[in-house]
**Q** 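This structure is in structure tokens; I'll ask about it shortly.
Letters A, B, ... are given to chains in the order of the sequence lines, protein chains preceding strands, and every chain is numbered from 1.
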There are 2 protein chains.
Amino acid sequence: MKSTTIVAAGQRVTDAGHRYSTGRQAVVRVLDGADRPLTTNEIAERGKKHGLVLSSVYRNLVVLESSGVVARVVGWDDSLRYELAEALTDHHHHHLVCVECGIVTDFEAPARLEKAMSQAVADVTSTMGFQVHNHRFDLEGICAKCRAAK
Amino acid sequence: MKSTTIVAAGQRVTDAGHRYSTGRQAVVRVLDGADRPLTTNEIAERGKKHGLVLSSVYRNLVVLESSGVVARVVGWDDSLRYELAEALTDHHHHHLVCVECGIVTDFEAPARLEKAMSQAVADVTSTMGFQVHNHRFDLEGICAKCRAAK
DNA sequence: TTTACTGCAAAGGGTTTGCAACATG
DNA sequence: CATGTTGCAAACCCTTTGCAGTAAA
């Protein structure tokens, strides 16, 4: 667990005019300690020892997202997943989405591909009037565990 | 509306061992007549004149998806969206996802980018034991309409 | 001390399901 | 005709919200 992350996150939250309560710190800690995006349930479960409750997880994620501390990750099923914002982790990555169990894991794309994607983003912005905030290059398929389970 | 699409879809449904009922045809017609992925509500709404009901839309989408006729499109909010499978339309494309209103629209990526993405897919398959079914290169941002509304 | 935040429980909204009637192959 | 499919309504589950008590600045 990187304490620098906890502090940097707090800076963003207070800058946005919110309090950096123990509950919010707990959410950040849980996400910082995870190696993949977590569902709201997983966050509440792992933060239970710090007194985290599901409804507060939901409310805190709203604040943390608008403060640029966490990012929503879209998976396959309809349950929401979150991870620390890349601005905090300095670790640009993409996702492998299992269409069987819904789990989302990380992977990095080659620099050459990132460059090509950036170019495409610029094109879309200029030709379609769509203001791009983020690109996602995600791969849908079957994870190793689900393949083995068949 | 391309009648060939309706027929080809029916072939896949019957090949998968299901009946090509009027309700399923209606779903295919609705999606074929749309220029973007539709939510379950939108499908039911547009198919109402053909006697489509929401619960049947849900049930039929399950069958149509497993038959390879429709594809689930993951947006921003939690409502599910569907479009005709690319195998039927011969039109590979990607999506612009508005994080404001949730609407999803289509765009095509340059061939050069598609090639780079295919390469990355091959790498992941061989190195991470993840069996890729589909890649998505989606752009999240604010659509022209939502920008204007501010 | 002021006011944002939390926990609890109840409400909300989209999705799924049981059952009897119906339509398809 | 045998059985897959539909409509309706109730059940479900995830997410949001009201309120009174608590903790942060």
**Q** Can you tell me whether the side chain of A:Arg19 and the base of C:dT3 have a donor-acceptor pair closer than 3.5 Å?
**A**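 Result: at least one qualifying N/O pair found.
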**Q** Answer with base, sugar-phosphate or nothing: what part of the nucleic acid does B:Asn41 contact at a heavy-atom distance below 4.0 Å?
**A**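 If one applies the 4.0 Å heavy-atom cut-off, B:Asn41 turns out to touch nothing in the nucleic acid.
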**Q** Could you state the atom-to-atom distance from CG of B:Leu64 to C1' of D:dT5 in whole Å?
**A**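 Rounded to whole Å, this separation is 13 Å.
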**Q** Distance check needed: C:dG14 P versus B:Leu61 CG, whole Å only.
**A**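 Between P of C:dG14 and CG of B:Leu61: 16 Å.
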**Q** Distance check needed: D:dC13 C1' versus A:Leu54 CG, whole Å only.
**A**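 Atom CG in A:Leu54 sits about 11 Å away from atom C1' in D:dC13.
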**Q** Nearest heavy atom decides the nucleotide; on that basis, is B:Thr40 or B:His18 closer to the 5' end of DNA chain C?
**A**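 Closer to the 5' end of DNA chain C: B:Thr40.
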**Q** Which whole-number value in Å describes the distance from B:Leu52 CG to D:dT5 P?
**A**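 Checked: the CG to P distance equals 15 Å.
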**Q** Using a 4.0 Å heavy-atom cut-off across all strands, classify A:Arg59 as base, sugar-phosphate, or nothing.
**A**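 Here A:Arg59 touches the bases of the nucleic acid.
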**Q** Nearest heavy atom decides the nucleotide; on that basis, is A:His50 or B:Tyr20 closer to the 5' end of DNA chain C?
**A**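 The residue mapped nearer the 5' terminus is A:His50.
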**Q** Once the angle between the rings of B:His94 and B:His135 is folded into 0 to 90°, is it parallel (under 30°), tilted (30 to 60°) or perpendicular (over 60°)?
**A**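 The arrangement is tilted - the two ring planes meet at 30° to 60°.
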**Q** To the nearest 0.5 Å, tell me how far B:Phe130 CZ sits from A:Thr105 OG1.
**A**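 One finds 6.0 Å between CZ of B:Phe130 and OG1 of A:Thr105.
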**Q** Give the rounded distance in Å between these two atoms: CG of B:Asp77 and P of C:dG12.
**A**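 Between P of C:dG12 and CG of B:Asp77: 21 Å.
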**Q** With heavy-atom distances below 4.5 Å as the criterion, would you say the side chains of B:Tyr20 and B:Val28 are in contact?
**A**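 A side-chain contact exists here, since the closest heavy-atom pair is under 4.5 Å.
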**Q** In whole Å, I'd like the distance from the CZ atom of A:Arg24 to the C1' atom of C:dC5.
**A**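 For the pair A:Arg24 CZ and C:dC5 C1', the rounded distance is 6 Å.
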**Q** Using whole Å, what does the distance between atom P of nucleotide D:dC14 and atom CZ of A:Arg81 come to?
**A**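 Taking atom P of D:dC14 as the reference, CZ of A:Arg81 is at 12 Å.
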**Q** Go through the side-chain N and O atoms of A:Glu83 and A:His93 and say whether any donor and acceptor fall under 3.5 Å apart.
**A**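 The answer is yes; a qualifying pair exists.
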**Q** Looking at every strand, decide which applies to B:Thr14 at a 4.0 Å heavy-atom threshold: base, sugar-phosphate, or nothing.
**A**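 Touches nothing.
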**Q** I need the CD-P distance between A:Gln25 and C:dT6, as an integer number of Å.
**A**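 It works out to 11 Å between those atoms.
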**Q** Quick check on D:dT6: is either OP1 or OP2 less than 4.0 Å from any side-chain nitrogen or oxygen of B:Ser21?
**A**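 Answer is yes, contact under 4.0 Å.
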**Q** Classify the nucleic acid contact of B:Ser55 as base, sugar-phosphate or nothing, counting any heavy atom under 4.0 Å across all strands shown.
**A**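 Base contact.
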**Q** Is a salt bridge present between B:Glu42 and B:Arg36, judged by a nitrogen-to-oxygen distance below 4.0 Å?
**A**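 B:Arg36 and B:Glu42: salt-bridged.
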